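Below you'll find the structure, written out as structure tokens, and then a few comments.
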Amino acid sequence: MKHLLLSILLCVAGLAQAQSQVNLTGRIYKNDNILADELNKLTVEAEHKMDSARQAKVTELEKKKGRKLTTAEKTEIDKQIADAQKAMVAIKKGMSTRVEVEFKDTRNVIMTMKMSVDDNALKVASIPWVKRKALKAALAIAPSSQKCTYRQQGNLIIIEDDEEKDTLRLSNDGKYIYGKMDEKTKFKLTRAK
């Protein structure tokens, strides 16, 4: 029985060792919009909250005015909600964050991130001209790529930057890399090469 257990443990250790030996050199993983899923989730959540937000606003105004709201006043609330929904949809369509990870060799990786924002989408979202220009200027001077070193531990890819470490997870079949932008926002990169 001990020999069987020892054999199984050695096999598992061998599989883990084989997985850690995957050579990532030359591989490219990317996602044309890592925020798309997150923006879709936020849009769905907001749509679910719209009815309760509308009712809360009606109740607040009725209490403040001491009477029931007129049809015109309720229509104005509905218009404000429709404008907010329109702005959410415009921002969702007008923003994208493209991420690409290219493994140059067994130690070096180039990470590229390109954010783009459509000016018309920002206009629809009622973002003032000065803020739109400031955002575009900030995006223009932001570095779009960074060369880092990495090390691999099984399915984990540990990106070592000067300031911090970032951990990505390679899928068992090697087709995807998973990561987190923050505690709540996860992303998936698909192998392109």
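Computed from a predicted model, the values in this text were never measured in an experiment. If you read the sequence from its start, that first residue is 1, and numbering goes on from there.
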Please tabulate, one pair per line, all N/O donor-acceptor pairs under 3.5 Å involving side-chain atoms of residues 111-118, not counting sequence neighbours.
{"unit_1": "S116", "atom_1": "OG", "unit_2": "S96", "atom_2": "OG", "d": "2.7"}
{"unit_1": "D118", "atom_1": "OD2", "unit_2": "A121", "atom_2": "N", "d": "3.4"}

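- Contact annotation: the side chain of T25 never approaches that of F103 to less than 4.5 Å [non-hydrogen atoms, C-beta and beyond].
- A 4.5 Å side-chain heavy-atom check between N155 and V22 finds every atom pair outside the cut-off.
- A single hydrophobic cluster is seen to contain both I34 and I159, as judged by linkage of ILVMFWY side chains at heavy-atom distances under 4.5 Å, directly or through other members.
- A distance of 10.5 Å separates CG of L189 from CZ of R98, quoted to the nearest 0.5 Å.
- The two atoms that bring I110 and S145 nearest to each other are CG2-CB, 4.3 Å, heavy atoms only.
- Residues V99 and Y178 do not share a hydrophobic cluster, defined by chaining ILVMFWY side chains whose heavy atoms lie under 4.5 Å apart.
- Residues E73 and K68 fail the side-chain proximity criterion, which asks for heavy atoms closer than 4.5 Å.
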- Passes side chain to side chain contact (heavy atoms under 4.5 Å, CB included), E160 versus R107? Steps please. CA-CA 10 Å; E160 297 168 338; R107 189 80 183 120; 3.3 Å; yes
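- In this structure, CZ on R191 lies 10.0 Å from CG on D173, to the nearest 0.5 angstrom.
- Expressed to the nearest 0.5 Å, how far CD1 of I77 lies from CZ of R54 amounts to 6.5 Å.
- The CD1 atom of I28 sits 13.0 Å away from the OG1 atom of T190 when rounded to the nearest 0.5 Å.
- Here CE of M95 is found 7.5 Å from CG of L135. Values are rounded to the nearest 0.5 Å.
- The shortest side-chain heavy-atom distance between Y150 and L24 falls under the 4.5 Å cut-off.
- With values rounded to the nearest 0.5 angstrom, K74 atom NZ is found 14.5 Å from K57 atom NZ.
- Summarising the local packing, NZ of K104 is surrounded by 12 or fewer heavy atoms from other residues, nucleotides or ligands at distances under 6.0 Å.
- Taken together through direct or relayed side-chain contacts under 4.5 Å among Ile, Leu, Val, Met, Phe, Trp and Tyr, L139 and I127 form part of one hydrophobic cluster.
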